[in-house]
Amino acid sequence: EMTSSLVGSEMCIRDSHNRIPLSYLKDTSNLREIVFKPYYGKYIMTFIIEDMVPPFYPDLPNMAGMDLGTDNIAAIACTDGSSVVYKGGAILSANQFFAKQKASAVSILTKGKKHRHASSAFLSNLSLKHDCFLKDQMHKLSTAIVRYCIAHRIGILVVGTNRLWKQHASMSKENNQKFVSLSLIHI
């Protein structure tokens with residue numbers, strides 16, 4: 001169990017000399033929770049921060065709606081009459097390549113065995129590389145979306161999401177496989 005305490009503008013981890021600076025937090029922010037998640041033999045530390053003052057941007061009068069998909073990973077329509085479509089070809093191609101590589105490796109590892117589950121250093125490295133590529137692509141996409149919103153003075157962006165939308169998707173097998181394998185939460 002890892003415990004920590006806040007000292008001034010730093011978080012100290014008990015029984016360690018490590019300190020994490022928290023000086024970038026605004027005075028109006030409230031640090032609600034710190035979560036550690038395992039990630040390929042390492043840990044990701046996530047800060048959950050609540051900002052007490054909701055943002056208000058009177059100089060950004062426009063609104064936009066964003067729809068997430070597969071071939072077109074995101075489509076945005078704005079009240080100023082503009083729109084943009086972001087293609088998802090690179091991500092879909094990478095997902096397909098990853099699935100083929102993984103299936104090939106699992107097939108070799110489980111040849112002559114009863115169970116079809118396998119683990120190896122190669123599979124772990126393949127998964128890590130794929131995950132890093134997806135995160136990078138999603139961060140680039142989200143950056144492009146933010147830049148679009150700023151350029152078109154969009155103050156409110158509405159994103160269409162539904163609970164369990166991937167579990168209850170009624171589409172063809174091919175499109176469903178593409179949709180379920182996309183990590184849209186990173187946007």
I'd like to know if the side chain of Ser142 reaches the main chain of Met138, judged simply by a donor and an acceptor atom lying under 3.5 Å from each other, with no hydrogens or angles considered.
yes

Measuring only between side-chain heavy atoms, which start at C-beta, is Arg153 closer than 4.5 Å to Pro61?
yes

Trace of the side chain to side chain contact (heavy atoms under 4.5 Å, CB included) decision for Thr46 with Ile34:
CA-CA 6 Å; Thr46 306; Ile34 300 174; over 6 Å; no

Is it the case that more than 12 heavy atoms not belonging to Tyr43 sit under 6.0 Å from its OH atom?
no

Measure across Leu126 and Lys102 and return the closest heavy-atom pair with its distance rounded to 0.1 Å.
CD2-N, 3.8 Å

From NZ (Lys135) to NE2 (His130), nearest 0.5 Å:
12.0 Å

Tell me whether Phe122 shares a hydrophobic cluster with Phe98, the cluster being built from Ile, Leu, Val, Met, Phe, Trp, Tyr side chains joined at under 4.5 Å.
yes

Evaluate the criterion side chain to side chain contact (heavy atoms under 4.5 Å, CB included) for residue pair Asn95 and Leu134; output intermediate values, then yes/no.
CA-CA 9 Å; Asn95 279 346; Leu134 287 181; 3.8 Å; yes

Are Ile76 and Tyr86 side-chain neighbours, meaning at least one heavy-atom pair lies under 4.5 Å?
yes

Mind listing the closest non-hydrogen atom pair of Ile154 and Ala64 along with its distance?
CD1-CB, 3.7 Å

Tell me, please, which residues at least two apart from Asp80 pass salt bridge (Lys or Arg N to Asp or Glu O under 4.0 Å).
none

Residue pair Asp131 / Tyr39, side-chain donor-acceptor N/O under 3.5 Å
yes

Can you tell me if Thr143 uses its side chain to pair, donor with acceptor, with the backbone of His139 under 3.5 Å?
yes

Are Met45 and Ile49 joined in one hydrophobic group, where the rule is that I, L, V, M, F, W and Y side chains link up if heavy atoms are under 4.5 Å apart?
yes

Hydrophobic clustering (ILVMFWY, side-chain heavy atoms < 4.5 Å, transitive) - are Val159 and Leu141 grouped together?
yes

For residues Ala77 and Ser83, report the shortest heavy-atom separation together with the two atoms involved.
CA-CB, 4.1 Å

If hydrophobic clusters are built from ILVMFWY residues whose side chains come within less than 4.5 Å, do Phe36 and Tyr40 share one?
no

Closest heavy-atom pair and its distance - Lys87, Ile73:
O-CG2, 4.0 Å

In the structure I gave you, are the side-chain heavy atoms of Ile145 and Leu157 within less than 4.5 Å of one another anywhere?
yes

Looking at every non-hydrogen atom in both residues, tell me the closest pair between Leu123 and Ser119 and how far apart they are.
CD1-CA, 4.1 Å

Applying side chain to side chain contact (heavy atoms under 4.5 Å, CB included) to Phe133 and not counting sequence neighbours gives Ala94, Gln137

Donor-acceptor contact present, side-chain Ser124 to main-chain Ser120, <3.5 Å:
yes

Are any non-hydrogen side-chain atoms of Lys140 and Asp136 less than 4.5 angstrom apart?
yes

So if you build clusters from Ile, Leu, Val, Met, Phe, Trp, Tyr with side-chain heavy-atom gaps below 4.5 Å, do Ile91 and Leu68 land together?
yes

Over all atoms of both residues, closest heavy-atom pair of Ser82 and Tyr148:
OG-OH, 2.7 Å

Would you check if the side chain of Thr79 reaches a backbone N or O of Asn62 as a donor-acceptor pair within less than 3.5 Å?
no

Inter-residue atom distance Glu33.CD - Ile48.CD1, 0.5 Å rounding:
4.0 Å

